[in-house]
Structures are given as structure tokens and as C-alpha cells.
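Heads up: numbering here begins at 1 and tracks the sequence. Reckoned from all heavy atoms, side chains included, excluding hydrogens, waters and symmetry mates.
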Amino acid sequence: MGLDSNKKKEALKFIFLFGLISALGDITYEGARSVYGNYLGFLGASALYIGVITGFGEFLGYAFRILSGYFVDRTGKNWAAAILGYGLLISVPLLAIAGNWKIAALFIILERLGKAIRNPGKDTMLSHATKHVGTGVGFGISEALDQLGAIIGPMIFTLALSFYGSYKIGFHLMWIPAILTVAVVLYTRYKFPSPQDLEEDFEKASKVNSKNISNDSLSKSFWHYLLFIFLSILGFANFPVLSYHLMKQKVLSEAIIPTLYALAMALDGAFAVLVGKYYDKKAWEH
């Protein structure tokens, strides 16, 4: 009983540490994402180029996860992928020195690539810890902390634009959370070198999961769900394009646009833990 209790405490500590990592990371890249459209427009990019750049970045950020996921599954180097991925956050403050929109586009794509590299390893490690508190609740806690950072980041740009009228000051401020993110990742790696040890009967669970993955075909419901997600996202214009038009048509001031993004992130975070609890309840019923 005492051993289980200690493992649960360690698991919670790991979840909150990764929540802190996610929060700091989100301050960095979600802060930047709240002004990508405005900033690219400021550097001379048209709405077409902004859509192509940010759209390709999003595509790369998800498509490359297949390769990153395959790598961590084959090698077990979850920490290496996480450290490299979070290390690429430095591309965000480097946007301050982008002399034109083409260089800025390169940094934006690198930031998205970093997210693709780190996420499979991060989620795999987090999944071991969430077994002690419920998968939905565990990821919900992480997501809520994640979204806290996603609120703070855009607000930093709101302040930078309101008081200094400068994107560069906002991007330079991103050095602080970017460096802190990497520091906390390295600390967490030091404290929890083998997160799989947090999960009971890890070797047995791994064999069962591997067998299920290799022998079971994906259900029709899975493909229907994928089609639903594809069509849903296809119907949305991304925020950088929207923010560009909001600025260009003078619907909102440049300083207010990041606040709008922060509000959307706040709603996301508010529902994260509630949805996680609902998921656990339904999963338990089945």
C-alpha cells in the first residue's frame, strides 16, 4: 500500500513538472502564434503567403509526428526527442532578428517542427504517470497548465504592443520562458530518467499493447472519426490569417489581437480537466 502511495506521489510530481514545462513552452510559442499573422504582415507578407507559411507549418507539425513517434517507439529515446523538440523553441525569440518575412517563415516552421519532434515522446512518458490518477484527468491537468501558459504568452505581446508598440520587444522577452523550458526539461530528465518505472507492470503492459497494435486492425469508427476531424478542420481559417485581416482592415488594434487569442486559450484550458474527467468516467463504464 505504501509503495503504491509513493508511486502515485511520484507520478503526480512528474505530471505537474511536465505541466510546468508545457506552460513555459506555451508562453513561448503560443505567445508568438498570437502575432504570427500580424508580424508577417508587418514584415511585408501578403495574406496568401501567411496562409501558406502557417498552414505548411501546421501540416509539418502534425505529419512529422509519425516519424518522431516511430523513432521513439523503435529506440525508446523519449527524452532525446523531448529535449531536442523543446530546444527548438529558441526559434521563437530569434524572430526578433528576422529582417524579412522569408527568414521569419523559416523560424516559424522550425518552431512547428520542434513541436512535432517532442510531442510523441512527451505524451508517451506522460501516459506512464497518468495511470495512477486516470488518463483523462492526468492529461487534463497537463492541458490546463499548458493553456495557462497559452494565456500568459499572448498577454505579454499585448503589453509589449500596448506600451512599446514593438513586436521585437515581445519576441526578445520570449528568451526567458524558452530558456526556462529547456532548464525544467533537463531537471525533469534528471529526476525521472525512466518514466516507465512509474507504471505498474510496465513490461507486461508493453507486450500486451504491442500485440494489440500488431494484430488488430483499426475500426471503421476510427476512420469515421478521422474523416470528421479532417472535414471539421478544413472548415476553419487559421488564426494568423484571421489576425492579419483584423489588423489590415483595422477591425481591432494590433495590441488587442493577442488578447483575443488568449481568450480562446482560456476557454480551452477551462474545459480540459472537465472533459478529462468525463472521459475517465465513460471509459470506466465501458
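Hydrophobic clustering (ILVMFWY, side-chain heavy atoms < 4.5 Å, transitive): Phe71 and Tyr62 are in distinct clusters. Hydrophobic clustering of Ile, Leu, Val, Met, Phe, Trp and Tyr side chains at less than 4.5 Å, counting indirect connections, keeps Leu48 apart from Phe59. Linking ILVMFWY residues whenever their side-chain heavy atoms come closer than 4.5 Å, directly or via other members, leaves Tyr190 and Ile179 in distinct clusters. The hydrophobic clustering, which links ILVMFWY residues whose side-chain heavy atoms are closer than 4.5 Å, places Phe107 and Ile176 together. By the criterion of side-chain heavy atoms lying less than 4.5 angstrom apart, applied directly or through intervening Ile, Leu, Val, Met, Phe, Trp or Tyr residues, Ile66 is not grouped with Tyr70; the two fall into different hydrophobic clusters.
The main-chain N or O of Gly41 is never found under 3.5 Å from a side-chain atom of Asn38 such that the two would form a donor-acceptor pair. Here the side chain of Ser166 pairs a donor or acceptor atom with the backbone of Ile169 at under 3.5 angstrom. Formation of a donor-acceptor pair under 3.5 Å by the Thr158 side chain with backbone atoms of Ala255 is found in this model. Panel note: side chain Ser68, backbone Arg65; no donor-acceptor pair is recorded below 3.5 Å. Judged by distance alone, with hydrogens and angles left aside, the side-chain atoms of Trp79 form a donor-acceptor pair with the main-chain N or O of Phe192 at under 3.5 Å. Between the side chain of Tyr167 and the backbone N or O of Val35 there is no donor-acceptor pair closer than 3.5 Å.
The line from NZ of Lys191 to CG of Leu186 is 14.5 Å long, rounded to the nearest 0.5 Å. To the nearest 0.5 Å, the span separating OG1 on Thr259 from CD1 on Ile151 amounts to 11.5 Å. We find the CD1-OG distance between Ile50 and Ser243 to be 7.0 Å, quoted to the nearest 0.5 Å. The CE atom of Met125 lies 13.0 Å from the CD1 atom of Ile15; values are rounded to the nearest 0.5 Å. The CG atom of Leu12 sits 10.0 Å away from the CG atom of Leu198 when rounded to the nearest 0.5 Å. Note that CG of Leu113 and CG of Leu106 are 10.5 Å apart. Values are rounded to the nearest 0.5 Å.
Contact record, Lys168 with Ala96: CE-O, 3.2 Å, taken as the closest heavy-atom pair. Closest heavy-atom contact between Lys77 and Val72: O-CG1, 3.9 Å. Residues Ala129 and Ala11 come closest through the heavy atom pair O-CB, 3.5 Å. Contact detail for Gly25 and Thr181: the closest heavy-atom pair is N-OG1, 3.3 Å. Residues Leu20 and Leu145 come closest through the heavy atom pair N-CD1, 4.4 Å. Of all heavy-atom pairs between Ala116 and Pro120, the closest is O-CD, 3.2 Å.
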side-chain contact (heavy atoms from CB on, under 4.5 Å) between Leu88 and Arg118, worked out: CA-CA 10 Å; Leu88 284 174; Arg118 67 181 177 259; 5.8 Å; no
Does Ile90 form a side-chain contact (heavy atoms from CB on, under 4.5 Å) with Leu110? I'd like the steps, not just the answer. CA-CA 9 Å; Ile90 64 167; Leu110 280 174; over 6 Å; no
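Annotation: side chain of Leu43 is in contact with side chain of Tyr39 (closest heavy-atom distance under 4.5 Å). Considering only heavy atoms from C-beta on, Tyr244 stays 4.5 Å or farther from Leu40 through its side chain. Between Met265 and Ser34, every side-chain heavy-atom pair lies at or beyond the 4.5 Å cut-off. You'll find the side chain of Phe56 stays beyond 4.5 Å of the side chain of Arg112, heavy atoms only. For the pair Trp175/Leu89, no side-chain contact is recorded, criterion being any heavy-atom separation below 4.5 Å from C-beta on. Proximity of Asn78 to Pro195: side-chain heavy atoms (C-beta onward) are nowhere separated by under 4.5 Å. Within the 4.5 Å cutoff, the side chain of Asn119 has no heavy atoms near those of the Phe64 side chain. Leu252 places none of its side-chain heavy atoms less than 4.5 Å from the side chain of Met247.
Heavy atoms of other residues, nucleotides or ligands lying less than 6.0 angstrom from OH of Tyr49 number 12 at most.
With sequence neighbours excluded, the residues satisfying side chain to side chain donor-acceptor pair (under 3.5 Å) with Thr54 are Asn238.
Side-chain rings of Phe157 and Phe171 approach one another, their centers coming within less than 6.0 Å.
Ring geometry for Phe228 against Tyr225 counts as tilted: the plane angle lies between 30° and 60°, on a 0 to 90° scale. Between Tyr86 and Phe18, the ring-plane angle classifies as tilted under the 30° and 60° cut-offs.
Figure legend: cation-pi geometry between Arg33 and Tyr36 absent, as NZ or CZ is not positioned both under 6.0 Å from the six-membered ring centre and within 45° of its axis.
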